[in-house]
Engineer: 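What follows is a structure written as C-alpha cells; I'll ask about it next.
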Number of protein chains: 2
Amino acid sequence: MAANPTARPARSAGRRALPKSEATRERIIAAAAHVLVERGYAGTKLSDIAEQAGLQAGSLYYHFDDRDDIVDQVLRRSVRGILQRVRSAVEALPAGARSFDRLRAAIVAHLEVILESSDVSSAGLRLMSQLPPEIQRRYRRIQRDYGDYWHGLITTAQQDGSIRADIDPVRLRLFVIGQLNWVAEWPRPTRGPIDEMAGDALAIITDGIASGATTGRSE
Amino acid sequence: MAANPTARPARSAGRRALPKSEATRERIIAAAAHVLVERGYAGTKLSDIAEQAGLQAGSLYYHFDDRDDIVDQVLRRSVRGILQRVRSAVEALPAGARSFDRLRAAIVAHLEVILESSDVSSAGLRLMSQLPPEIQRRYRRIQRDYGDYWHGLITTAQQDGSIRADIDPVRLRLFVIGQLNWVAEWPRPTRGPIDEMAGDALAIITDGIASGATTGRSE
DNA sequence: GTCTATACGACGATAGAC
DNA sequence: GTCTATCGTCGTATAGAC
C-alpha cells in the first residue's frame, strides 16, 4: 500500500538481484520473529522490532502496512518454512524408503528446525493460542497443510504396520509433534547438540521410556 | 498493602468461614488465569480480567497492588497446584508401589490437571517464556521444585531398571513433560475424554509408537 | 529509504463518592 | 468493597523533512 518500486534493481546479473529494500524487509521479519518469541504477540512493540532490526520505529511503515502485517509475514514464513524443511528431508530419502523411515526423517527434521532457527521457525508454533482470532484464522489454514502432511506419513505407517495402529492418528500426531515443539521452551542450558537431541527424541518416540519388556500396556 | 480486614467473618461455624472478600479474590485470580492463557502476559488487560470476574477495572486495586501482583498469584498457584496434585496422586499408591507405577501415576496426574483446569493450572506452564525477567525469576524457583520431584521419580526408576537409563534423566523428563504440556495447545475438538487421553499418552510414552520389534534403535 | 516530530488512543493506576 | 471519574504514560500510526 505504501511502496511502489517503479524499477527493479538495475542489474539483475550480479549474484541475487535483491531489490534494495527487500533485504531490510527480511531483517525486519527476522527481528520481529525474535521479539515475538520472547515477548508474545501483545508484548511485541514496534520500537523493539525496530531496534532489533537497526532502524527507527517509524521507518517500519515504509515496508509494512501496520503491526499485524509484520506479524502476519512472520507467521506465514514460520510454518511454511518448517513444512518445506520437513518435506524435503523426507523426499531426500531413497526412492523406496520404508514408511517408518520417512516418519523418522520428519521427526528429526522438525526438531532440527526448532533447534536451529528457534526464532523465525518456532514463532508460529508457540504464538497460535494468543493470536487475535482474525490472524489466527488466516494462519490456521497454512498450519493445516502441515498437519495434513504429517497425517499422511502417520496413517501410511499405521496401515503398513510399521507403527502402532491402536491410537488415533490425529492424537498420535499431536502427541509426537507436541513433544518436539516443547523443546523450544527448554531452558538453553538443558539442550544438547542437535544430533544428540534428535537421537534421544527418536529413541523415546519410537521405543518409549520403558526398559524392554517391563511395559504393561494393559491396565 | 491496601486491605486491612480488621475482623474475620463474624461466625466461623457456618461451612467455610470465607472472609467476604477472599471469595472475590479467588474469582479474580481465576479470571486472570483465563485471560492470561488466552492472550498471553502482555495481552492481559485489567479491563478483561475485571469483566471476566464481574466487576470494574478500578476495583481490582482493592484486592491487589497492581497488575503484576495478580499475575504473580496466578503463577504461584499454577505450578504449586500441579505439584500438589501429582504428588498426592503418587502418594495415593499402595505403600510398596513399583517406581514405574509411581512414574505412570505422575504422568496421568499431570495430564489430568492440564485437561481439567486448563486455565489456572496450565497458565504457568505456557507463560514462562514471555514473562518479564523479574517475575520469571521468582517463579522459576517454584517450578524448580516441581522439576526436582519428577527428577526423583525418573532417576529412581532408571536406577532400578524399570525405565531406560540410556537417556539423560533431565532430557527424558523434559521430553515427557513437554509432550503432556503441549496438550494445552491442542484445539479442543481434537481432545478426547480424559481417561482416553491419559491412556494414549501413557501408551506412547512408555512403549513408543513403533509396532513391536520394528524398532531399530541403533542407527 | 530512513529519520524526527507529533496526533491520537489505550491501558495502568489513583482519588474520592457511595 | 465496588463504583465512576481522571491523570499520566506508552505505543501505534501519520506527516513531512532529509
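Numbered from 1 within each chain, the chains take letters A, B, ... in sequence-line order.
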Engineer: Quick one: what's the B/S/- string for nucleotides 2-18 of chain C, heavy-atom cutoff under 4.0 Å, read 5' to 3'?
Structural biologist: BBB------SSBB----

Engineer: Taking only residues at least two apart or on different chains, which pairs with a member in residues 42-54 of chain B satisfy side chain to side chain donor-acceptor pair (under 3.5 Å)?
Structural biologist: B/R39-B/D48

Engineer: Below 3.5 Å, can you tabulate the donor-acceptor pairs from side chains in residues 130-141 of chain B to any protein atom, sequence neighbours excluded?
Structural biologist:
residue	atom	partner	partner atom	Å
B/Q130	OE1	B/Y41	N	3.1
B/E134	OE2	B/R138	NH2	3.4
B/Q136	OE1	B/R140	NH2	2.7
B/Q136	NE2	B/M128	O	2.9
B/Q136	NE2	B/L131	O	2.9
B/R138	NH1	B/D72	OD2	2.6
B/Y139	OH	B/G124	O	3.3

Engineer: Quick one: A/Y41 OH to D/dG11 P, roughly how many Å, whole number?
Structural biologist: 15 Å

Engineer: May I have all residue pairs that pass salt bridge (charged side-chain N to carboxylate O under 4.0 Å, His left out) and include part of residues 74-87 of chain B, sequence neighbours excluded?
Structural biologist: B/E26-B/R77, B/R85-B/E112, B/R85-B/E116

Engineer: Only counting residues at least two apart or in another chain, list the ones meeting side-chain hydrogen bond (donor to acceptor under 3.5 Å, both in side chains) with A/E38.
Structural biologist: none

Engineer: Sequence neighbours left out, what passes side-chain contact (heavy atoms from CB on, under 4.5 Å) with A/A42? Give chain and number order.
Structural biologist: B/A42

